[in-house]
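Numbers restart at 1 for each chain; the letters A, B, ... are given by sequence-line order, proteins then strands.
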Amino acid sequence: MELIITEKNNAARRIADILSDGGASTERDAGVNVYEWGGKRCVGLSGHVVGVDFPAEYSDWRDVEPAELVHADVTKTATKEDIVNVLQRLAERADDVVIATDYDREGELIGKEAYELVREVNEDAPIKRVRFSSITENEVKTAFADPDDLDFDLAAAGEARQTIDLVWGAALTRFLSLSARQTGGDFISVGRVQTPTLKLIVDKEREIEAFEPDDYWELFADLAKDDAEFEAQYFYLDDEGNEAERVWNEADAEAAFDVLRDAADAVVESVRRRTRTDDPPAPFNTTQYIRAASSLGYAAGRAMSIAEDLYTAGYITYPRTDNTVYPDDLDPAELLDTLSANPHFGDDAETLLDADDLTPTEGDEETTDHPPIHPTADMPDRGDLSEDEWEVYELVVRRFFATLADPAEWAHLRVVADCEGLQLKANGRRLLDEGYHAVYPYFGTDENHVPAVEEGDVLDVSDARIEAKQTQPPRRYGQSRLIETMEDMGIGTKATRHNTIEKLYDRGYIEDDPPKPTRLAMAVVEAAEEYADMLVSEEMTAELEADMAAIASGEKTYDEVTQESRDLLDRIFDSLGESREEVGTHLQESLKADKTLGPCPDCGETLLIRKSRQGSFFVGCDGYPDCEFTLPLPDTGEPVVLDSECDDHGLHEVKMLAGRNTFVHGCPLCRAEEADDADEPVLGPCPECGHEHDGELRIKTLRNGNRLVGCSRYPDCEYSLPLPRHGDIEITDESCDEHGLPKLVVHDEGDDPWELGCPICNFAEYQERQQNRGLEALDGVGAKTAEKLEAAGVSSVGDLADVEPEALADEVDGVSADRVREWQAKAD
DNA sequence: GCAAGGTC
């Protein structure tokens, strides 16, 4: 039996399909697909199925000096045991083995990991390696006809990266965490990729903090030829002879303004007409896709997760790619022809097909592992996708269209006029031929109309304006620009850059969007700059890349490279040793600064944002347990301390981060006082804590306008029931037999009053109705998908809540576990 | 409880 091993299940399925001419059958073993045909078996891994780590005796942070990790052994253990077991069971019976992992460095390493797992159970079978740059019939068959050997040097290069990343990351992370006495779950993490990324954000913040604005003035005049009026701007030539619009001196600006205001006409000095070609964009690689999705409002992580879902469902190609050149085997006309059947963008596909030339644009990077992101021939129906998924899918389709479309043509018109010795200019822009913009409406095509004037024309000056302005601090990096910068610097990979940014959020280093660094982040970068400069610069990656190239070409060995790196880290620990206290204190102070609101009104100590045992946030006093002062915080989102302070209490205001529902809560003390004043109507004792703590149920209106029945002891008791958002709520004299609460009636404008009844009964009925809804009630479940789910025994929203996402995803084609989880969240 | 890199 021949065993073929690929990097992922998807590749296994397609390769089996090609090599068996469609005749392969699928067998599931412990959740792993094995494809079989004529004496062959093909199985997909899930990327790395083994991971590097230190031996168990190093796992207790308190018992091991971080510096000891520098020279600790690094071992490999199985991380995907089911896959390893299936692989080894198959390998035992294999007469020969072919490794068909991705054609790149990490793929070679994953291949070597498979090689070693096979050798553990089978010493003799020959193990070959095939390489192909895209999974097409021609390439795959050619590669399998003439297999090669594994490149152990290339794999060793990858192993050196693994070891160096682990040793540096783990040793320094432990050192910083222990020095700041972070004994709980929150550790202070650093690494070769995340720390230089964080430094980018921190450096920008330093520029912003150091920025001092300058005043300047700009002047404008309205010019007219006949009835056509247009705006022109004053400019002059600066000391270096460059055109400048900003006037840095108020007296000069006012003097120029006086001239323009009093002037009656201006004479056209020069007119320049030009035609500009505006080329269509290159095909999508991961970074450019994230950038485009970000202009539609999707954060990087969200954009990637939607793309992964669309890929798993088969609608677009693999979303993790650096490639910006379509491979030869992609036939644009054929794909356009398929897409032309779509009711939403079929017409655009037809128009493109009518053109005589269908040469796609190309980017700079041509890699061999995956094509640029483009739609596949398998088209979803509108109802099969959620709104977000459809928006992203259409983006990918339209980008594909754009790469095949004609350039746009712009007419530029530049007019310079003299007004009493002052120069005025106007730049007009008109779209002559919309070209690719017709099929790709995501770029702006604003025009600026300047009438056709000729040299020597005398124009009326109808109005003059002076605008006082200030220079602005640099802008923070947005997530997509951060990812582009990381790509330029060569840090991270297409598959990990967005994860790195998520990690910075999770670790409490950045907040908000665009991300702003916390005090902790500033302190971590400062510590790294002072003691481990290598770690915060992109140089570490650059040197590692050079070393990896040397290992791959046989000039250096794994041992030499990792030893050099360990020696360097040793020296860093030597200098860190004496400064442990100092570094720790600074980190601790910064941690606290991120959570500090201001003085406690009861005892004068400091109020801090804390987290309750139930996981909800509240404001507590640093003097606890001597001072028990607390204030509630909203239960939606994560609190962030803003720079702005409340005038009444001197406390920092709080913002609640909750994605699209993010809002500014303000001063928690003001909010608490308002709530006390609000005179919330009382319904009765809280069923959860009424007899024990005298909590009572009240009707509350939240800051975001939502209303609910909640316990007066919130946040200590979190019992709550929903109420409708609109209408006046009347509390009747009639009460519920079962729960003893008064029945409620809602009076909404225009509508007849309706009886909501007992809020507990009402909520129970509501939940039951929700459970019994059909699946198509959920956003993102179309008729096609609902049918597939029903076949798997899931026919109502309630059924969906009970399923295991992975199990359902395995059972139903084209449905990912993430997508199931998304539905479950919506069903809640 | 450490990193970064695959993949889901």
Side-chain angles (χ1 to χ4, degrees), chain A residues 6-12 31-33 44-54 58-62 64 66 68-70 72 74 79-80 82-83 101-102 104-114 155 157-178 182-197 304-305 307-313 318-320 369-370 486 491-500 502-503 506-507 535 540-541 544 548 565 569 805-810 814-822:
Chain A
T6 69
E7 189 153 322
K8 47 191 164 273
N9 174 51
N10 225 301
V32 182
N33 289 331
L45 307 175
S46 181
H48 292 286
V49 294
V50 296
V52 288
D53 207 347
F54 300 109
Y58 291 92
S59 55
D60 192 328
W61 290 34
R62 286 160 307 176
V64 180
E68 288 179 54
L69 293 179
V70 179
V74 171
T79 50
K80 303 268 165 63
D82 285 343
I83 296 177
T101 48
D102 286 0
D104 54 23
R105 185 177 60 224
E106 217 61 25
E108 207 68 21
L109 175 53
I110 291 167
K112 190 203 164 191
E113 288 160 2
E159 285 179 312
R161 180 203 59 71
Q162 284 186 317
T163 301
I164 290 170
D165 281 341
L166 174 67
V167 170
W168 280 69
L172 289 168
T173 293
R174 284 196 194 181
F175 178 89
L176 294 179
S177 305
L178 291 171
Q182 284 300 96
T183 44
D186 290 339
F187 48 86
I188 296 175
S189 97
V190 287
R192 174 179 59 83
V193 173
Q194 59 165 300
T195 308
T197 306
M304 283 312 287
S305 116
E308 272 157 31
D309 286 346
L310 292 172
Y311 162 70
T312 321
Y318 193 67
R320 291 181 279 262
D369 43 357
H370 302 287
M486 291 170 76
I491 55 176
T493 71
K494 66 215 169 184
T496 59
R497 289 185 194 112
H498 61 277
N499 291 342
T500 300
E502 304 266 285
K503 191 185 283 182
D506 289 347
R507 300 284 150 90
L535 186 73
M540 182 157 170
T541 295
L544 186 59
M548 283 196 288
S565 181
L569 187 54
E806 273 81 12
L808 187 62
D810 278 347
V815 168
S816 68
D818 272 346
R819 203 146 157 234
V820 176
R821 273 187 281 270
E822 218 175 280

Check whether any side-chain nitrogen or oxygen of [X] sits under 4.0 Å from OP1 or OP2 of [N], and answer yes or no.
X        : N     : value
A/Ser59  : B/dG1 : no
A/Gln182 : B/dG1 : no
A/Lys80  : B/dG6 : no
A/Arg320 : B/dT7 : yes
A/Thr173 : B/dG1 : no

Nearest 0.5 Å, please: how far is CD1 in A/Ile491 from OG1 in A/Thr541?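 Nearest 0.5 Å value for the OG1-CD1 distance: 6.0 Å.
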Rounded to the nearest 0.5 Å, what's the gap from OG1 on A/Thr101 to CD on A/Glu113? Could you check?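 One finds 9.5 Å between OG1 of A/Thr101 and CD of A/Glu113.
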In whole angstrom, give the distance that lies between atom [atom1] of [X] and atom [atom2] of [N].
X        : N     : atom1 : atom2 : result
A/Arg497 : B/dT7 : CZ    : P     : 14 Å
A/Glu7   : B/dG5 : CD    : C1'   : 10 Å
A/Glu159 : B/dA4 : CD    : P     : 19 Å
A/Gln162 : B/dA3 : CD    : C1'   : 10 Å
A/Glu108 : B/dG5 : CD    : P     : 18 Å
A/Leu166 : B/dG1 : CG    : C1'   : 14 Å
A/Asp60  : B/dG1 : CG    : P     : 10 Å
A/Arg192 : B/dC2 : CZ    : P     : 18 Å

So among A/Val167, A/Leu69, A/Ile164, which one has a side-chain contact (heavy atoms from CB on, under 4.5 Å) with A/Leu569?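 Testing each of A/Val167, A/Leu69, A/Ile164 against A/Leu569, the sole residue satisfying side-chain contact (heavy atoms from CB on, under 4.5 Å) is A/Val167.
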Closest to the [X] side chain: [options]?
X        : options             : result
A/Arg161 : B/dA4, B/dT7, B/dC8 : B/dA4
A/His48  : B/dC2, B/dA4, B/dG5 : B/dG5
A/Glu106 : B/dC2, B/dG6, B/dC8 : B/dG6
A/Glu308 : B/dA4, B/dC8, B/dG6 : B/dC8
A/Thr496 : B/dA3, B/dG6, B/dC8 : B/dG6
A/Lys8   : B/dC2, B/dA3, B/dT7 : B/dT7

Does A/Lys8 come within less than 4.0 Å of A/Asp102, counting only side-chain N to carboxylate O?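 Yes, this pair counts.
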[X] near the nucleic acid: base, sugar-phosphate alone, or nothing, with a heavy-atom cut-off under 4.0 Å?
X        : answer
A/Arg507 : sugar-phosphate
A/Tyr318 : sugar-phosphate
A/Asp102 : sugar-phosphate
A/Val52  : base
A/Gly492 : sugar-phosphate
A/Ser189 : sugar-phosphate

Whether A/Tyr318 and A/Tyr311 hold their rings parallel, tilted or perpendicular, with breakpoints at 30° and 60°: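 Because their plane-to-plane angle is over 60°, the rings of A/Tyr318 and A/Tyr311 count as perpendicular.
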A/Leu178 or A/Leu45: which one's nearest nucleotide on DNA chain B is closer to the 5' end?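 Its nearest nucleotide lies further toward 5', so the answer is A/Leu178.
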Mapping A/Ala495 and A/Ala171 to their closest nucleotides on DNA chain B, which lands nearer the 5' end?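 Checking each residue's closest nucleotide, the 5'-ward one belongs to A/Ala171.
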Heavy-atom donor-acceptor pair, A/Asn9 side-chain to B/dC8 base, under 3.5 Å: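 It does not, because no donor-acceptor pair links the side chain of A/Asn9 to the base of B/dC8 below 3.5 Å.
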Can a donor-acceptor pair be found, under 3.5 Å and without considering hydrogens, that links the side chain of A/Thr173 to the backbone of A/Val190?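 Yes; judged by distance alone, with no hydrogens or angles, the pair exists.
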Please answer whether the main-chain N or O of A/Arg192 pairs with a side-chain N or O of A/Thr195 as donor and acceptor at a distance below 3.5 Å.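 Answer holds: no.
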Does the ring of A/Trp168 meet both stacking tests against the six-membered base ring of B/dA3: centre distance under 5.5 Å and plane angle under 30°?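 Base of B/dA3: not stacked against A/Trp168.
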